[in-house]
Amino acid sequence: MSLSTQPYKGARDFYPEDMRIQKYMFSKLRNSVEKYGYQEYNAPIIEPLELYSAKSGQEIVNEQTYQFEDRGGRLVAIRPEMTPTVSRMVAAKRQELAYPARLYSIPNLWRYERPQRGRLREHWQLNVDIFGVDNISAELELIQLASELLIDLGSTSDMFEIRVNSRKLINKIMMSYLKLDDRVSHDLIKLIDRKNKLPIDKFKKELKDVVGKKFKDADSLLNINFINELPESVIDCIAARQIEDLINYLKKLGINNVVFDINLMRGFDYYTDIVFEVFDTNPKNNRSMFGGGRYDGLVGLFGVEPVATAGFGMGDVTLRNFLETNNLLPKLNPETDIIIADIGSEVLKVNEIAFKLRLNGVNVASDFTGRKIDKIIRSAVKQGVRYIVFIGQEELHSKKISLKDLETGISEQLTIDQAANRIKDRK
RNA sequence: GCGGGCUUAGCUCAGUUGGUUAGAGCGCCGGGUUGUGGUUCCGGAGGUCGUGGGUUCGAUCCCCAUAGUUCGCCCCA
């Protein structure tokens with residue numbers, strides 16, 4: 001029985017070409033969020049299981065976490081999301097943090113689920129959260145930042161759409177307008193969450209089953225596209241005005257691809273107010289990419305004074321799909337600048353030249369396979385390394401090295417310092 | 001957790017209505033060129049046909065199970 005070379009189901013190996021893409025995406029994301037004053041944190045990949053039981057639908061705890069008993073009999077889970085962890089961290093230092101606290105992280109997260117396009121068992125997720133701001137300037141900043149992340153990665157505003165809704169508004173509608181009890185409104189929320197996946201007539205049928213004789217009101221309400229189309233008894237509430245303000249502010253900031261979407265729910269139960277979601281508008285990948293919202297209740301679960309919180313998370317798998325379907329990934333070269341090839345010189349001489357180049361800030365890999373020159377060149381081209389240097393008898397005599405630029409095909413005889421400068425200039 | 005498709009060389013795939021030594025293209029390695037690639041020519045390595053069991057004189061092919069992968073459902077940071 002031979003060992004399998006496959007990575008674990010739903011998880012990925014990152015060979016250098018994949019790692020380069022990940023490093024590229026993460027460094028762009030870091031730059032973008034740091035521009036807004038967010039600071040990076042991290043935490044253990046394992047947490048006590050109860051951290052996740054306390055919140056968010058039970059499903060994620062019972063069926064989607066990797067959980068086990070450690071050697072000391074403690075029930076633990078591999079983190080399926082970062083929000084409980086960051087809430088825990090903020091609660092622990094509630095008194096000493098400087099507010100507003102702007103925190104971000106790019107953790108890897110694990111969920112036990114059936115892998116499919118855009119959803120794997122292990123993924124990395126940018127988490128951006130702001131603590132201590134109880135008005136919509138927090139949401140405004142987060143949505144502005146979310147938009148800027150994608151712009152900084154080369155996308156244009158027509159490639160995505162931002163949809164905004166509010167849990168408070170939904171609750172108001174459910175209770176005051178449709179006058180549904182908790183159970184029915186919960187079912188209705190779950191149904192609306194699936195609306196886009198259902199054929200329209202099937203949706204209407206299920207809607208009728210759920211709300212009964214309130215069908216007509218519910219149906220017409222779910223078809224509105226603007227805040228001012230809300231029924232009169234709802235339109236004057238704070239939640240509705242907040243959404244309107246938020247969208248207006250965003251438009252004044254030049255973010256025009258933002259819309260009100262009364263059907264936007266988002267899965268987690270811990271959202272308390274504004275929620276938003278970013279959609280890929282490309283027909284080939286028309287799906288929700290990421291989202292977030294306000295969740296004011298989580299920090300308070302740790303027995304301290306509640307802290308107003310809003311945040312969002314963005315997964316690396318969906319982000320990469322987005323960048324690929326929209327052709328936004330640049331050609332990424334390896335970090336190695338030069339391959340230095342020994343073609344009949346002396347080992348220590350080649351090593352010495354490599355050492356001097358490295359002192360000059362150049363990344364050098366040696367090829368001492370002793371292969372023919374064309375093979376060495378092919379292998380350099382295959383790796384995407386731009387420069388190659390041959391050291392043979394001629395170079396030893398002339399005290400110069402011949403530097404070949406594989407992009408232009410030009411070879412030059414240079415001193416080591418000249419070669420190093422040439423490479424740094426073109427980096 | 002449920003249902004469908006797929007699994008043959010490193011990659012993309014052909015193929016055998018069940019018959020002895022399983023193929024192509026690309027890639028890889030070597031050579032034609034005693035020091036210069038992304039051409040060309042020649043040669044070579046590489047497969048227990050996903051795994052386990054069953055039917056059969058005989059299975060890569062048929063049947064069952066199982067794993068992986070993929071699409072959908074459930075669910076959803």
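Note: hydrogens, waters and symmetry copies are ignored here, and every other heavy atom, side chains too, is used. Lettering follows sequence order; numbering is per chain, from 1.
- Contacts of A/Lys204 classified as side chain to side chain contact (heavy atoms under 4.5 Å, CB included), with partners at least two apart in sequence or in another chain: A/Ile200, A/Phe215, A/Asp219.
- Listed by first residue number, the stems of RNA chain B with at least three Watson-Crick or G-U pairs below 3.5 Å are B:1-7 with B:67-73, B:10-13 with B:23-26, B:28-32 with B:40-44, B:50-54 with B:62-66.
- A gap of 12 Å separates the C1' atoms of B/G50 and B/C6, to the nearest Å.
- Under the rule for a side chain to side chain contact (heavy atoms under 4.5 Å, CB included), the partners of A/Glu69 that lie at least two apart in sequence or sit in another chain are A/Leu75.
- Here B/G10 presents its P atom at 17 Å from CG of A/Asp13, a figure rounded to the nearest Å.
- Remark: A/Asn108 engages A/Ile45, A/Arg79, A/Trp110, A/Glu122, A/Trp124 in a side chain to side chain contact (heavy atoms under 4.5 Å, CB included) (not counting sequence neighbours).
- Checked against side-chain hydrogen bond (donor to acceptor under 3.5 Å, both in side chains), A/Glu394 has no partners two or more places apart in sequence or in another chain.
- The CD atom of A/Gln116 sits 8 Å away from the P atom of B/C73 (whole-angstrom rounding).
- Checked by distance alone, A/Arg119 brings a side-chain donor or acceptor within 3.5 Å of a matching partner on the base of B/C75.
- Residues passing the side-chain hydrogen bond (donor to acceptor under 3.5 Å, both in side chains) test with A/Asp342, sequence neighbours excluded: none.
- Spacing of P atoms, B/C61 relative to B/U51, comes out at 10 Å, to the nearest Å.
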For nucleotides 2-4 of chain B, list the nitrogen or oxygen atoms of the protein found under 3.5 Å from its nitrogen or oxygen atoms, one pair per line.
{"from": "B/C2", "atom 1": "N4", "to": "A/Arg114", "atom 2": "NH1", "distance (Å)": "3.0"}
{"from": "B/G3", "atom 1": "O6", "to": "A/Arg114", "atom 2": "NH2", "distance (Å)": "3.2"}

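- In this structure, the side-chain hydrogen bond (donor to acceptor under 3.5 Å, both in side chains) partners of A/Lys168, at least two apart in sequence or on a different chain, are A/Asp273.
- If you take OH of A/Tyr271 and P of B/C76, they are 13 Å apart, rounded to a whole angstrom.
- Residue A/Gly384 is out of contact with every strand shown, counting any heavy-atom pair closer than 4.0 Å.
- Taking the C1' atoms as reference points, B/G27 lies 14 Å from B/C13, given to the whole Å.
- The P atoms of B/C42 and B/C26 are separated by 12 Å, rounded to the nearest whole Å.
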Scan the side chains in residues 14-25 of chain A for donor-acceptor partners under 3.5 Å anywhere in the protein, sequence neighbours excluded, and list what turns up.
{"from": "A/Asp18", "atom 1": "OD2", "to": "A/Tyr15", "atom 2": "N", "distance (Å)": "3.2"}
{"from": "A/Arg20", "atom 1": "NH1", "to": "A/Leu332", "atom 2": "O", "distance (Å)": "3.3"}
{"from": "A/Lys23", "atom 1": "NZ", "to": "A/Glu335", "atom 2": "OE2", "distance (Å)": "3.2"}

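- Between B/G46 and B/A22, the distance separating the two P atoms is 14 Å to the nearest Å.
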*Along nucleotides 30-41 of chain B, 5' to 3', which nucleotides get a B, which get an S, and which get a -, given that the test is a protein heavy-atom distance under 4.0 Å?*
SSS--BBB----
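- Residue A/Gly292 is classed as having no contact, given no heavy-atom separation below 4.0 Å to the nucleic acid.
- The stretch residues 18-44 of chain A does not touch RNA chain B, since none of its heavy atoms comes less than 4.0 Å from the strand.
- A/Phe203 is linked by a side chain to side chain contact (heavy atoms under 4.5 Å, CB included) to A/Leu191, A/Lys195, A/Leu198, A/Leu207, A/Leu222, counting only residues two or more places apart in sequence or in another chain.
- Whole-Å rounding puts the A/Leu191 CG to B/C75 P distance at 10 Å.
- For the P atoms, the distance linking B/C74 with B/U8 amounts to 31 Å, nearest Å.
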